[in-house]
There are 2 protein chains.
Amino acid sequence: MDTFMRAAIDEARKGLAEGGIPIGSVIVHDGRIIGRGHNRRVQQGSAILHGEMDAFENAGRQPAAVYRDSVIYTTLSPCAMCSGAILLYGIPRIVIGENRSFMGEEELLKSRGVQVDVLQDAECEALMREFIAQRPDLWNEDIGEESA
Amino acid sequence: MDTFMRAAIDEARKGLAEGGIPIGSVIVHDGRIIGRGHNRRVQQGSAILHGEMDAFENAGRQPAAVYRDSVIYTTLSPCAMCSGAILLYGIPRIVIGENRSFMGEEELLKSRGVQVDVLQDAECEALMREFIAQRPDLWNEDIGEESA
């Protein structure tokens with residue numbers, strides 16, 4: 001497997017081990033990870049720290065030229081907020097673990113010229129399917145949906 | 001002036017007094033402010049805490065039904081990231097101080113059914129114009145642009 005997707009999955013597993021939602025992300029520049037993150041809704045009571053947002057936050061304040069030459073890896077198709085952050089900073093390429101358990105704003109990203117690569121990785125999908133089955137309430141909260 | 005826009009401007013001024021970028025926001029539910037925030041790029045070295053994001057974070061984890069019945073006020077037209085957060089949580093209406101110094105993703109919001117009201121408030125615009133003239137480097141960084 002791709003080293004960087006492996007790192008994103010490791011972040012997702014770290015989140016799961018902390019009792020959180022298992023979604024992880026890394027931002028890569030020049031072959032090096034400059035930011036890693038995982039969803040921290042549960043751990044920090046956060047409404048904005050999705051995996052990708054946490055990776056941006058941990059990458060810290062970077063020059064525009066760095067973002068524009070970076071790739072973001074995420075275990076799950078990115079929601080509107082995370083896609084918006086990708087557009088804000090002009091990240092030119094995203095590698096997505098899977099989009100079968102949740103389809104994010106891939107069409108919006110493509111329409112703005114972002115290269116979107118979806119791996120349909122079985123491990124990423126299993127992580128989400130198991131989590132959603134066990135904690136539908138948390139999952140719905142994370143994507144702004146009401147629980148049944 | 002609208003009480004809630006006044007509160008958003010007060011947040012922007014608080015940010016300016018802290019040496020930060022003067023953009024503020026409040027989220028209102030049922031006539032009550034449930035989250036306030038201002039841009040914290042400088043203060044916290046944050047790449048994601050725009051004014052609106054900070055308001056979401058300070059509102060904390062809310063039920064989907066609350067977001068879907070809230071209004072967000074912001075002193076400046078929202079960038080792609082903040083607009084994405086608004087779409088994620090299904091906020092139905094945004095009140096914007098001004099969009100003359102920066103035009104954000106208003107068209108995207110409208111295309112998804114969000115009611116967008118722009119006040120073109122002189123105080124909001126003056127805050128931004130003065131800041132951009134004094135700190136173009138910080139401003140460009142905040143919107144993902146390279147400085148000249």
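Every chain is numbered from 1, with letters handed out A, B, ... down the list of sequences. Only this structure's heavy atoms are used, side chains among them; waters, hydrogens and symmetry mates stay out. Since this is a predicted model, take the numbers as computed values, not measurements.
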Proximal component of Asp142(A), with respect to chain B [non-hydrogen, under 4.5 Å]: backbone
Atom pair OH (Tyr89(A)) and CD (Glu145(B)), whose distance is rounded to the nearest 0.5 Å: 11.5 Å
Transitive ILVMFWY side-chain link Tyr67(B) to Ile27(B), under 4.5 Å: yes
Contacts of type side-chain contact (heavy atoms from CB on, under 4.5 Å), residue Ala65(B), not counting sequence neighbours: Glu146(A)
Residues of residues 34-50 of chain B within contact distance of chain A, non-hydrogen under 4.5 Å: Arg41(B), Val42(B), Gly45(B), Ser46(B), Ala47(B), Ile48(B), Leu49(B), His50(B)
Do Ile94(A) and Val71(A) sit in the same hydrophobic cluster, where Ile, Leu, Val, Met, Phe, Trp and Tyr count as joined when their side-chain heavy atoms come under 4.5 Å apart? no
Test of understanding: clusters of I, L, V, M, F, W, Y form through side-chain heavy atoms closer than 4.5 Å, transitively. Do Val26(A) and Val95(A) belong to the same one? yes
Under 3.5 Å, sequence neighbours excluded: what are the donor-acceptor pairs made by side chains of residues 78-87 of chain A?
from     : atom 1 : to       : atom 2 : distance (Å)
Ser83(A) : OG     : Pro78(A) : O      : 3.2
Ser83(A) : OG     : Cys79(A) : O      : 2.8

Taking a hydrophobic cluster as the set of Ile, Leu, Val, Met, Phe, Trp and Tyr residues connected by side-chain heavy atoms closer than 4.5 Å, whether directly or through intermediates, do Ile143(A) and Ile91(B) fall within one such cluster? no
Just checking heavy atoms, which of residues 103-127 of chain B are less than 4.5 Å from chain A? Glu105(B), Leu108(B), Arg112(B)
Gly144(B) to Ala64(A) - nearest heavy-atom pair and separation: O-CB, 3.6 Å
Can you get from Tyr73(B) to Phe102(B) by hopping between Ile, Leu, Val, Met, Phe, Trp and Tyr side chains that sit under 4.5 Å apart? yes
Answer with side chain, backbone, both or neither: which region of Phe56(B) has an atom nearer than 4.5 Å to a non-hydrogen atom of chain A? both
